[in-house]
**Student:** 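Sending over a structure as structure tokens; questions will come in a sec.
A note on names: the letters A, B, ... follow the listed sequences, proteins ahead of strands, and every chain is numbered from 1.
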Protein chains: 2
Amino acid sequence: MRKMGDDCCDMRGFLGFLILFLLSKKAMHGQELADELAKRKGEKPSPGTIYPAIKGLKEAGFLEEQKEGKTITYSLSPQGKNALRIAKRRFTRTFLGVFP
Amino acid sequence: MRKMGDDCCDMRGFLGFLILFLLSKKAMHGQELADELAKRKGEKPSPGTIYPAIKGLKEAGFLEEQKEGKTITYSLSPQGKNALRIAKRRFTRTFLGVFP
DNA sequence: TTATATATATCGGACACCCAATAGATCAGT
DNA sequence: ACTGATCTATTGGGTGTCCGATATATATAA
């Protein structure tokens with residue numbers, strides 16, 4: 001059984017969803033995403049977390065990328081926008097009333 | 001790698017959080033919780049999902065229970081309310097802007 | 001050119017989440 | 001008492017999520 005302290009769960013999951021959401025606001029490269037996730041979740045995801053997540057979204061056809069030197073800037077493809085729309089609807093229904 | 005269809009993720013996780021939230025609205029027993037989760041997530045969690053989750057919250061001291069016949073009605077303990085408050089704050093910060 | 005910093009990427013494994021199957025316990029109706 | 005329905009509960013295992021360690025590539029500075 002998982003250990004619990006003051007908190008009820010470790011808020012795992014939804015990483016791919018959050019990445020899609022963040023990219024819908026602004027095109028970013030991997031490190032920018034990691035920094036933004038750090039602000040929101042309180043802890044910066046490791047490279048072994050962020051890059052496989054990006055890869056999965058890329059392989060699903062949800063991302064467009066623009067390479068410039070060592071950085072790769074990602075944005076949402078049309079399929080990515082559609083996937084985000086569907087996921088947002090489900091997310092909203094699931095957590096209806098949780099937000100203040 | 002996980003398979004992806006139209007959607008970006010399978011919305012796993014946060015079951016304990018959702019249970020705490022639902023119990024903060026209304027005391028319920030296990031089956032009521034499962035039905036409410038079915039309405040929100042679109043699929044009713046199996047007994048092997050809901051009861052271990054309840055057990056974990058109970059062992060963490062987050063729940064008070066009132067047995068009456070075969071049903072056990074759960075409500076939040078003071079620690080449970082506190083845990084929910086903390087988790088809600090984190091949840092809100094993490095998913096800020098996702099809600100319409 | 002060497003050194004350092006930054007960005008990207010992969011691999012192995014730990015752990016959490018959840019389900020299917022199964023079983024015990026209690027109640028209602030016949 | 002018997003049957004079926006409902007609620008609770010456990011076990012075993014599959015799968016996804018994530019991290020630590022490590023490696024590669026590119027840019028900047030001395």
**Student:** Just how far, in rounded Å, is P of dC7(D) from CD1 of I50(B)?
**Tutor:**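 My rounded result for the distance is 13 Å.
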**Student:** Reckon I54(A) touches a base, only the sugar-phosphate, or nothing at all at heavy-atom distances under 4.0 Å?
**Tutor:**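 Touches nothing.
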**Student:** Please name all residues satisfying side-chain contact (heavy atoms from CB on, under 4.5 Å) with E64(A), sequence neighbours left out, ordered by chain then number.
**Tutor:**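 Testing E64(A) for side-chain contact (heavy atoms from CB on, under 4.5 Å), a comparison that skips the adjacent residues, returns S75(A), S77(A), P78(A).
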**Student:** Would you please name every residue forming a salt bridge (Lys or Arg N to Asp or Glu O under 4.0 Å) with K70(B), sequence neighbours left out?
**Tutor:**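 Scan of K70(B) (salt bridge (Lys or Arg N to Asp or Glu O under 4.0 Å), adjacent residues dropped) gives none.
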**Student:** Looking only at the side chain of Y51(B) (C-beta and beyond, no hydrogens), which of the listed nucleotides dC18(C), dT8(C), dT8(D) gets closest?
**Tutor:**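 Of all the options, the side chain of Y51(B) is nearest to dT8(D).
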**Student:** Between E32(B) and K26(B), does any side-chain N to carboxylate O distance fall below 4.0 Å?
**Tutor:**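 Looking at E32(B) and K26(B), the cut-off is met.
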**Student:** Can you tell me how far C1' of dT17(D) sits from CD1 of I19(A), to the nearest Å?
**Tutor:**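 Computing the I19(A):CD1 to dT17(D):C1' distance gives 12 Å.
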**Student:** Separation of L15(A) atom CG from dC18(D) atom P, in whole Å?
**Tutor:**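 From L15(A) CG to dC18(D) P: 5 Å.
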**Student:** Heavy atoms under 4.0 Å is the rule here; annotate nucleotides 20-30 of chain D 5' to 3' with B where the base is hit, S where only the sugar-phosphate is, and - elsewhere.
**Tutor:** BB----BS---
**Student:** For dT10(D), does OP1 or OP2 lie under 4.0 Å from any side-chain N or O of K55(B)?
**Tutor:**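 K55(B) to dT10(D) OP1/OP2: side-chain N or O found under 4.0 Å.
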**Student:** Just jot down the salt bridge (Lys or Arg N to Asp or Glu O under 4.0 Å) partners of E65(B), sequence neighbours excluded, or say none.
**Tutor:**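 E65(B): salt bridge (Lys or Arg N to Asp or Glu O under 4.0 Å) contacts with K58(B).
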**Student:** Please state how far atom CD in Q66(A) lies from atom P in dT8(C), giving the value in whole angstrom units.
**Tutor:**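 It is 13 Å, rounded to the nearest whole Å.
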**Student:** From CZ of F17(B) over to C1' of dC17(C), roughly how many Å is that when rounded to an integer?
**Tutor:**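 Going from CZ in F17(B) over to C1' in dC17(C) covers 17 Å.
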**Student:** Tell me, please, which residues at least two apart from K81(A) pass salt bridge (Lys or Arg N to Asp or Glu O under 4.0 Å).
**Tutor:**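 Salt bridge (Lys or Arg N to Asp or Glu O under 4.0 Å) list for K81(A), sorted by chain: empty.
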**Student:** Could you check which of dA9(C), dC18(D), dA9(D) has an atom nearest any side-chain atom of K58(A)?
**Tutor:**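 The answer is dA9(C).
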**Student:** Less than 6.0 angstrom separating the ring centers of F91(A) and F95(A), yes or no?
**Tutor:**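 For F91(A) and F95(A), the ring centres are under 6.0 Å apart.
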**Student:** Could you state the atom-to-atom distance from CZ of F14(A) to C1' of dC18(D) in whole Å?
**Tutor:**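 So the two atoms are 15 Å apart, to the nearest Å.
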**Student:** Test of understanding: with salt bridge (Lys or Arg N to Asp or Glu O under 4.0 Å), list the residues that count as partners of R85(B), not counting sequence neighbours.
**Tutor:**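 Counting only residues at least two positions away or on another chain, R85(B) forms no salt bridge (Lys or Arg N to Asp or Glu O under 4.0 Å).
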**Student:** Please pick, from dA9(D), dT10(D), dA9(C), the nucleotide with the shortest atom-to-atom distance to any side-chain atom of Y74(B).
**Tutor:**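 Of dA9(D), dT10(D), dA9(C), dA9(D) is nearest to the side chain of Y74(B).
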**Student:** State which of dT10(D), dC18(D), dC7(D) makes the closest approach to the side chain of K41(A).
**Tutor:**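 The nucleotide sitting nearest to the side chain is dC18(D).
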**Student:** T71(B) or K44(A): which one's nearest nucleotide on DNA chain D is closer to the 5' end?
**Tutor:**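 The residue whose closest nucleotide sits nearer the 5' end is T71(B).
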